[in-house]
Amino acid sequence: MKNYKVEIAFLILLILISIAGFWELFMGADAKPIGLHYLHIITSLLWLVLLLIQLINIERKNFSLHRKLGIAIFIMAPLIVATVAL
């Protein structure tokens, strides 16, 4: 039986680092984010949160919800690619 505490902690740390990385763009003295910046941060953070929720469901052996949420990849993946490209 696998324990996913390290992986969950890593994803939480990655989410916090991502927020810190966007901080200057959104809250800095010269912050002037545009709509695409908002779209990118929202999709990026949703992607990371989805990964975290998926991992928590695997750890709790809730495979049914894990599979249902996994379908979101068909929406999230193109959005991530598009916002990174833009």
Side-chain angles (χ1 to χ4, degrees):
M1 180 150 92
K2 175 105 169 102
N3 183 337
Y4 291 95
K5 300 292 185 216
V6 172
E7 290 86 353
I8 290 170
F10 175 75
L11 272 172
I12 291 170
L13 180 63
L14 185 60
I15 290 168
L16 293 173
I17 290 170
S18 297
I19 291 169
F22 281 108
W23 192 262
E24 189 67 25
L25 177 66
F26 286 90
M27 302 296 190
D30 296 326
K32 292 183 179 118
I34 61 172
L36 290 175
H37 293 135
Y38 287 104
L39 184 61
H40 181 61
I41 191 171
I42 289 168
T43 56
S44 297
L45 290 177
L46 281 175
W47 177 263
L48 293 172
V49 170
L50 178 64
L51 290 175
L52 180 62
I53 292 169
Q54 291 287 79
L55 191 55
I56 290 169
N57 280 309
I58 291 170
E59 182 180 47
R60 294 180 179 169
K61 302 208 181 312
N62 190 352
F63 301 114
S64 175
L65 184 56
H66 168 75
R67 283 189 290 273
K68 288 177 187 172
L69 290 173
I71 294 171
I73 193 170
F74 294 111
I75 296 167
M76 291 301 300
L79 282 175
I80 290 289
V81 171
T83 61
V84 168
L86 293 173

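Note that CD1 of Ile41 is 9.5 Å distant from CH2 of Trp23, once rounded to the nearest 0.5 Å. Rounding to the nearest 0.5 Å gives a distance of 10.5 Å between CG of Leu16 and CG of Leu48. Rounding to the nearest 0.5 Å gives a distance of 10.5 Å between CD1 of Ile17 and CD1 of Ile19. Here the CD1 atom belonging to Ile71 is positioned 11.0 Å from the NE2 atom belonging to His66, to the nearest 0.5 angstrom.
Closest of all the heavy-atom pairs between Leu45 and Ser18 is CD2-CB, 4.2 Å. Heavy atoms only, all atoms of each residue included: Gln54 and Leu65 are closest at OE1-O, 4.3 Å. Minimum interatomic distance between Ala77 and Trp47 (heavy atoms only, all atoms of both residues): N-CZ3, 3.9 Å. Closest non-hydrogen pair, Ala72 versus Leu50, comes out as CB-CD2, 3.9 Å. Between Pro78 and Ile73, the shortest heavy-atom contact is CD-O, 3.9 Å.
Residue Leu55 is grouped with residue Leu14 when hydrophobic side chains (ILVMFWY) are merged at heavy-atom distances under 4.5 angstrom, including chains of intermediate members. The hydrophobic clustering, which links ILVMFWY residues whose side-chain heavy atoms are closer than 4.5 Å, places Leu79 and Leu69 apart. Under the 4.5 Å side-chain heavy-atom criterion for Ile, Leu, Val, Met, Phe, Trp and Tyr, Ile12 and Ile53 are members of the same hydrophobic cluster. No path of Ile, Leu, Val, Met, Phe, Trp and Tyr side chains, each step under 4.5 Å between heavy atoms, connects Leu46 with Ile75, placing them in separate hydrophobic clusters.
Considering Leu11, Ile8, Ile15, Ile56 in turn, Leu11 is the only one that fulfils the side chain to side chain contact (heavy atoms under 4.5 Å, CB included) rule with Leu51.
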Checklist entry - What do the steps show when you test Thr83 against Ile42 for side-chain contact (heavy atoms from CB on, under 4.5 Å), and what is the final call? => result CA-CA 10 Å; Thr83 61; Ile42 289 168; over 6 Å; no
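Lys32 meets the salt bridge (charged side-chain N to carboxylate O under 4.0 Å, His left out) test with no other residue; sequence neighbours excluded. For Val84, the side chain to side chain contact (heavy atoms under 4.5 Å, CB included) partners two or more places apart in sequence, or in a different chain, are His40, Ile80. In terms of the side chain to side chain donor-acceptor pair (under 3.5 Å) criterion, Glu24 has no residue partners (sequence neighbours excluded).
More than 12 heavy atoms of other residues, nucleotides or ligands lie within 6.0 Å of CZ in Phe63, so this atom counts as buried by the packing criterion.
The closest side-chain heavy-atom distance from Asn62 to Ser64 is below 4.5 Å.
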